[in-house]
Amino acid sequence: MTTHAVTGASSFTGRFIAGRLVATGDEVRDLTRQVLADPDRLDAALRGSDTLYNTFWIRFERGPITYAWAIERSRLLFAAARRAGVRRVVHISVINASHDAPTAYFRAKAVVEDDLVASGLAHAIVRPTVTFGPGDILVNNLAWTLRRLPVFGVPGDGRYPIQPVHVADVAEVATRAGAMSNDITLDAGGPEIFAFDDFVALVRRAVGSHSLVVHLPVVASLAAARLIGLIVRDVVLTRHEVTELQERLMFSTQPPAGTIRLGDWLATNADTLGRGWSSELDRHFRKPLEVDR
């Protein structure tokens, strides 16, 4: 039996990675937010671990929780893995991370990728596109909005591409990469690329919404998102996320790694999708910070 460490093994991406590892008979150590904050506990948890699967990140900055903070936490994690003699690190990044990206999220992700390479640890960098699946935020909250509002505003022209990938496919790519020995960077995109308008239309049909879909200037769509945010007490959409879509960053030019089609998944999950709001702030800021983004 091989032992692995997974940051946030009970959170969104982490629990699917952990589930695949346990299904093969391996042992998983959960690096919770409390463990990550305690160097002694972190060293002990990593000692004897073959592979570290790292899903740690934040979706947006809020108060003292900044991208600089997340970068430093990542560096401490990689240093602890090196001290503990971890054989390999599988790091979950984001598609098209780069130092010249138009948003701080993507630029910060590129910094962490460089830090991992510089650490000297054997590694795989997995770059998902837009992840969906049980307990996700994007598709669920899109469905919630379409179920309840008479009008849904799409930022801009809605022609920009989006390539959703199921979280189980991301976990499959990650665990397969964990069994490799060479340093590698892999995209993890789903089998379909949609114009954003078509993506919204697919979810709208699946949940039986009669909401009128209209195109809005970005400023107006962000204002509408802030209004919804006041109702649900959450951050619904950020300016950076709109930029990432409009700059065509949310799809891969590599062959798709995933096989689960969004339409098929919606067909079996539409009855429950969007019945409740999935709160980013509740998950990551109103309690001690989760480690899966």
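Reckoned from all heavy atoms, side chains included, excluding hydrogens, waters and symmetry mates.
- D157 is linked by a side chain to side chain contact (heavy atoms under 4.5 Å, CB included) to R159, Y160, counting only residues two or more places apart in sequence or in another chain.
- Applying the salt bridge (Lys or Arg N to Asp or Glu O under 4.0 Å) criterion to E61, with sequence neighbours excluded, gives no partner residue.
- Counting only distance, with no hydrogens or angles, the side chain of R107 and the backbone of A101 share a donor-acceptor pair below 3.5 Å.
- Apart from M1 itself, the hydrophobic cluster it occupies contains nothing, where clustering links Ile, Leu, Val, Met, Phe, Trp and Tyr at side-chain heavy-atom distances under 4.5 Å.
- Among residues two or more places apart in sequence or in another chain, the side chain to side chain contact (heavy atoms under 4.5 Å, CB included) test is passed with A108 by W57, Y67, I71.
- Remark: R148 engages no residue in a salt bridge (Lys or Arg N to Asp or Glu O under 4.0 Å) (not counting sequence neighbours).
- Considering only residues two or more places apart in sequence or on other chains, L266 meets the side chain to side chain contact (heavy atoms under 4.5 Å, CB included) condition with V139, L202, V203, A206, L262, L273.
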Contacts table for residues 218-241: side-chain donor-acceptor under 3.5 angstrom, sequence neighbours left out:
{"from": "S221", "atom 1": "OG", "to": "V218", "atom 2": "O", "distance (Å)": "2.8"}
{"from": "D234", "atom 1": "OD1", "to": "E280", "atom 2": "N", "distance (Å)": "3.2"}
{"from": "D234", "atom 1": "OD1", "to": "L281", "atom 2": "N", "distance (Å)": "3.0"}
{"from": "D234", "atom 1": "OD2", "to": "W277", "atom 2": "NE1", "distance (Å)": "2.8"}
{"from": "D234", "atom 1": "OD2", "to": "E280", "atom 2": "N", "distance (Å)": "3.0"}
{"from": "T238", "atom 1": "OG1", "to": "E241", "atom 2": "N", "distance (Å)": "3.1"}
{"from": "T238", "atom 1": "OG1", "to": "E241", "atom 2": "OE1", "distance (Å)": "3.4"}
{"from": "R239", "atom 1": "NH1", "to": "T243", "atom 2": "OG1", "distance (Å)": "2.7"}
{"from": "E241", "atom 1": "OE1", "to": "R59", "atom 2": "NH2", "distance (Å)": "3.2"}
{"from": "E241", "atom 1": "OE1", "to": "T238", "atom 2": "N", "distance (Å)": "3.0"}
{"from": "E241", "atom 1": "OE2", "to": "R59", "atom 2": "NE", "distance (Å)": "2.6"}
{"from": "E241", "atom 1": "OE2", "to": "R59", "atom 2": "NH2", "distance (Å)": "3.4"}

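- Residue L212 is found in a hydrophobic cluster whose other members, listed by chain and number, are V151, V214, L216; membership requires side-chain heavy atoms under 4.5 Å apart, directly or through intermediates.
- Q34 and T32 share a side-chain donor-acceptor pair at under 3.5 Å.
- A donor-acceptor pair under 3.5 Å is formed between the side chain of S49 and the backbone N or O of A45.
- With no hydrogens or angles considered, a side-chain donor-acceptor pair links S278 and N140 at under 3.5 Å.
- Judged by distance alone, with hydrogens and angles left aside, the side-chain atoms of N96 form a donor-acceptor pair with the main-chain N or O of F251 at under 3.5 Å.
- Here side-chain hydrogen bond (donor to acceptor under 3.5 Å, both in side chains) pairs that include residues 117-139, with residues two or more places apart or in two chains, are E113-R127.
- Taking 4.5 Å as the limit, every side-chain heavy atom of V6 sits out of range of all side-chain heavy atoms of L31.
- Remark: E72 pairs with R75 by the salt bridge (Lys or Arg N to Asp or Glu O under 4.0 Å) rule, at least two apart or across chains.
- A donor-acceptor distance shorter than 3.5 angstrom exists from the side chain of D38 to the backbone of R41, with no hydrogens or angles considered.
- In this structure a side-chain-to-backbone donor-acceptor pair under 3.5 Å is present from N269 to W265.
- Between the Q163 side chain and the S252 main chain, a donor and an acceptor come within less than 3.5 Å of each other.
- Evaluation of the side chain to side chain contact (heavy atoms under 4.5 Å, CB included) rule for R47 yields D43, A44 as partners, not counting sequence neighbours.
- Side-chain N or O atoms of S74 include none that pairs as donor or acceptor with a backbone N or O of V112 at under 3.5 Å.
- With hydrogens and angles ignored, the 3.5 Å screen pairs no side-chain donor or acceptor of R20 with any backbone N or O of A168.
- A donor-acceptor pair under 3.5 Å is absent between the side-chain atoms of R15 and the main chain of A9, judged by distance alone.
- Side chains of T55 and T7: a donor on one and an acceptor on the other come within 3.5 Å.
- Within the structure, side-chain hydrogen bond (donor to acceptor under 3.5 Å, both in side chains) contacts touching residues 192-204 (residues at least two apart or in different chains) are E192-R261, D197-H215.
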